[in-house]
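Data first, discussion second: the structure below is written as structure tokens.
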Amino acid sequence: MESDSDSDCSHISSTPPRNPMPPPPPPPRRPTLPSSHKPKTRLKSSSSSSKSQRKLPSEPAEPPPQPSLDDTSLNPPPLSTLPFQIRCSSNLHRPNLIETLPAGYFSKSTFFSKIQRSSLNFEPSESFTCPPVSTDRAPPENKPINVIKKHPNLIGANAPLPPAKLRKCSGNEGNFVKLNLNHGRRKFVNGKGKKKSSYASSSRGLYRRSKRKWKGEGNVEMESVCDEEGLVTEIGQQKPKKGCELIEEAVLKVQNEASDENLAGLLNVMYGYDSFREGQLEAIKMVLDGKSTMLVLPTGAGKSLCYQMPAMVFSGVTLVVSPLVALMIDQLKQLPPVIQGGLLCSSQKPQEVSETLRLLQEGGIKVLFVSPERFLNEEFLSILSSIPISLLVVDEAHCISEWSHNFRPSYTRLRASLLCTRLNIGCILAMTATATATTLNAIMSALEIPSTNLIHNAKLRDNMQLSVSLSGNRTKDLLKLIKSRPFAELQSIIIYCKFQSETDILSRYLCDNNISAKSYHSSIPSKDRSRIQELFCSNKIRVVVATVAFGMGLDKRDVGAVIHYSMPESLEEYVQEIGRAGRDGRLSHCHLFFDDITYFKLRSLMHSDGVDEYAVNKFLCDIFSTDMKHQGKIHAMIKESSSRKFDMKEEVMLTLLTQLELGEVQYIRLLPQLNVTCTLNFYKTSPMLLADKDIVVSAILKKSENKQGQYVFDMPTVANSIGVTTTELSNHLYNLKLKGEITYEVKDPAYCYSIVEVPGDFCSLSRQLTKWLLEVECFKVDKLDAMFNAAIFAVNDCEKMQGCHGTQHAPCLQRKILDYFKDDGRHDIPRKKEQSSPFLRADIKVFLQGNSQAKFTPRAIARIMHGIASPAYPSTTWSRTHFWGRYTQIDFQVVMEAAKVELMNFAGKDAL
Ligand SMILES: Nc1ncnc2c1ncn2[C@@H]1O[C@H](COP(=O)(O)OP(=O)(O)OP(=O)(O)O)[C@@H](O)[C@H]1O
């Protein structure tokens with residue numbers, strides 16, 4: 001079996017045998033906001049605000065590798081080489097850090113007008129125009145855009161006219177209105193859509209004035225014009241008002257009273273939208289009232305706005321935790337220009353990090369995006385604890401739960417206990433698009449969100465036509481599908497595959513058939529990936545053939561179709577991926593191909609994270625092998641070699657380490673990940689002289705090996721010898737490098753930790769951990785089965801009573817999805833796998849005889865029989881055996897049992 005599937009970061013977690021069925025959320029607790037953080041808002045009961053506290057979710061998926069040290073990222077472009085800088089300019093005014101602002105504060109301090117996102121020099125990728133809703137998606141030249149149909153959950157249904165000040169005026173001048181808040185660095189485009197230049201001429205002639213209507217005070221329709229100075233002239237009034245002044249006023253009104261009317265006013269001046277979408281107003285009001293909130297809205301429903309608006313109103317900082325650097329960059333780019341954003345991630349240089357932290361402390365950042373791994377960093381935590389944080393947003397909150405399809409061990413760090421006590425955060429907004437009831441419970445329990453504070457709209461958009469077919473030849477069927485109506489007429493299509501190799505083969509095949517296509521997966525260099533995404537967004541490529549790595553944060557509104565060439569691993573992933581179609585509200589088409597062979601392959605892969613008790617035991621012995629006097633010191637576990645040694649994926653090791661830290665007993669404290677082996681050269685000053693003045697250099701000389709003039713040392717060893725943290729050591733080395741004293745290189749990424757307590761009983765701890773890991777493994781298999789069952793039901797059992805016809809199964813699939821989110825598909829009958837095979841044991845026996853030189857465990861043999869590579873048994877070596885993947889149709893546990901028996905027989909024979 002191919003082993004190049006892109007990780008979806010969904011690996012086993014270890015949050016303890018904590019609670020396989022997490023407890024219900026605690027009783028409602030009104031979070032206490034420190035008075036200095038809480039906005040003075042009075043909530044006015046609204047007639048329109050929905051009080052519904054529904055109960056189900058739907059959500060997004062996500063990708064890839066971990067190139068950076070403390071952030072799992074989709075190999076984002078190195079920040080220093082990004083086409084824009086993701087920090088605010090340093091000459092920003094200190095934003096409103098105090099609760100009560102003097103009247104006219106904004107005007108006096110010209111906070112808004114002085115906002116210079118000059119260093120945020122990028123072209124907004126987002127289009128600010130929302131086309132009207134149409135049920136058809138014909139080529140634009142053929143069809144006028146008509147509003148034909150509206151539905152409650154229609155993304156873009158309430159598509160507004162672009163607002164005067166903040167939105168695109170039209171066509172080519174698109175960006176200027178947005179950028180004219182970013183005084184100083186405008187990028188303008190000429191008539192052909194090409195950039196004219198930065199700081200292009202300020203000649204008025206270049207910019208068309210945009211006209212729009214909006215409701216002014218007293219609901220009087222007013223007309224405005226905006227020009228390149230960002231002025232909004234209210235016709236009939238004497239003095240023109242700047243857009244930022246309008247926003248100031250709107251913010252002050254909301255601070256004074258968070259009524260529906262005032263919030264709608266702010267929405268209008270900030271975004272140009274006429275109305276809130278379902279769930280938005282309710283969420284914003286809850287947050288403004290200081291209530292921690294769980295928000296479940298479909299993909300593309302506008303969740304970001306639910307923290308952006310409060311961020312404008314709150315006096316303190318809004319912290320947004322996001323799982324991927326690529327996603328953070330995207331969200332930062334999409335912040336309205338009046339909000340100063342910042343980002344902290346591990347691919348930044350130390351000076352970029354300290355500059356961002358400095359700005360944060362000075363109040364120059366209003367919304368800060370961080371990765372969950374940041375919370376490992378003591379320096380960061382202590383800085384955070386000294387600044388007022390009004391709101392913590394947990395984006396993709398399902399990553400907290402090991403029962404979700406996309407668990408991230410580092411998200412388990414985001415627990416109310418840490419956030420409230422250590423960082424004094426009173427209000428949390430958790431957001432996701434897909435979460436089952438179990439996952440929701442886990443999130444709300446971890447973040448202590450009362451069950452009454454759940455806003456839940458799991459309904460799928462009904463502008464998506466869902467079709468499904470069982471395919472005997474997916475490649476042929478795919479081409480046929482793409483060449484037939486309606487797909488033949490669609491401009492933008494995403495095709496999802498499971499394996500990287502599939503995306504390459506398929507995109508070439510489509511190109512050979514005159515369909516412009518590119519493949520996209522996490523092994524493609526990040527620069528090329530960005531380019532492909534750009535080309536797709538600008539309609540220069542019609543089809544992207546991608547793994548799960550494509551799409552998170554993609555806000556291309558006019559994707560006409562999403563085709564699943566490979567079945568997704570869960571209904572969550574399916575919902576997430578089809579959610580990328582039709583974000584403009586127009587009819588879109590989502591087709592799912594499925595077949596038994598792919599299903600069996602995927603089912604095998606669900607076991608690739610599994611571990612045995614003995615391996616967990618070995619792992620624990622290694623962690624705590626250091627003697628007690630090393631408690632409190634920094635220890636490192638090099639990822640690659642340890643992964644091979646324990647035959648455990650790196651993510652699984654991290655899961656176990658996180659569990660050892662955050663489980664019932666804290667055995668270790670995780671520290672930021674690090675490249676631990678350093679090779680250093682001295683340049684300016686001689687090493688001995690430098691060592692006299694520099695304690696770090698002196699320690700390096702003592703603890704390093706001299707290899708042909710180069711000093712090679714272990715970072716934790718040096719840090720321990722002088723009692724500094726590895727971050728401090730890294731920063732010191734970086735400074736010496738800047739001064740021209742040294743050059744150095746680091747390698748061997750490692751997990752770092754210090755020991756808090758050595759477990760008394762290794763055996764029972766490893767038993768407990770293994771049992772829990774096994775439960776998570778089974779849960780993943782169940783998720784895949786639920787996906788397959790839904791597809792099978794549509795094709796075989798749907799009675800086509802409620803609108804299903806031909807391959808079109810939107811009604812029945814929607815029902816299946818909603819049921820699944822309600823109860824995790826527990827009523828689904830698991831797919832029966834063939835029980836055993838008469839040849840299985842005989843084949844295992846032959847395999848063992850043929851590989852008598854190697855050591856195996858039952859799991860290792862079962863993996864080979866299922867064609868699953870593992871760190872100690874890579875596919876490069878083991879896929880050569882003709883037993884590789886031969887038994888994918890036999891249940892994994894059955895193969896493991898057979899392997900156990902044969903291994904015992906084999907060992908017995910050896911012993912004789
Ligand atoms: N009230 C509104 N009226 C019209 N458009 C809106 C409204 N709220 C948000 N939008 C637009 O909807 C689009 C999607 O918003 P956003 O990216 O916040 O969605 P999301 O829920 O975070 O999606 P995902 O789950 O895929 O990340 C954006 O282009 C945004 O400007």
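Whatever order the structure lists ligands and atoms in, that order sets their numbers, starting from 1.
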Do Asn457 and Pro298 come close enough that some side-chain heavy atom pair is under 4.5 Å? yes

Check each of Tyr307, Tyr273, Phe276 against atom 6 (C) of ligand 1 and report the one with the nearest heavy atom. Tyr273

Side chains of Tyr574 and Glu569: is there a donor and an acceptor less than 3.5 Å apart? no

For residues Tyr565 and Lys498, is any side-chain donor paired with an opposing acceptor at under 3.5 Å? no

Could you list the atoms of ligand 1 found under 4.0 angstrom from a heavy atom of Pro298? 21 (O)

Ligand 1 to Lys303 polar contact by distance, N or O atoms, under 3.5 Å: yes

Any heavy atom of Arg583 sitting closer than 4.0 Å to ligand 1? yes

Pi-cation contact, Phe536 with Lys518 (under 6.0 Å, within 45°): no

Do you see a donor-acceptor pair shorter than 3.5 Å between the side chains of Glu573 and Tyr496? no

Can you tell me if Ser275 has a non-hydrogen atom under 4.0 Å from ligand 1? yes

With nothing but distance in play, are any N or O atoms of Leu305 less than 3.5 Å from an N or O of ligand 1? no

For the pair Arg408 and Glu373, evaluate salt bridge (Lys or Arg N to Asp or Glu O under 4.0 Å) and give the outcome as yes or no after the intermediate values. CA-CA 10 Å; Arg408 290 282 305 274; Glu373 287 82 2; 2.8 Å; yes

For ligand 1, which atoms have a heavy atom of Ser304 less than 4.0 angstrom away? 16 (P), 17 (O), 18 (O), 22 (O)

Under 4.0 Å, heavy-atom basis, I'd like to know which part of Arg580 is in contact with ligand 1: side chain, backbone, both or neither. neither

Is there a polar contact between ligand 1 and Gly302, counting only N or O atoms under 3.5 Å apart? yes

Under a 4.0 Å threshold between the charged nitrogen and the carboxylate oxygen, would Asp260 count as salt-bridged to Lys285? yes

So is Met431 touching ligand 1 or not, going by heavy atoms under 4.0 Å? no

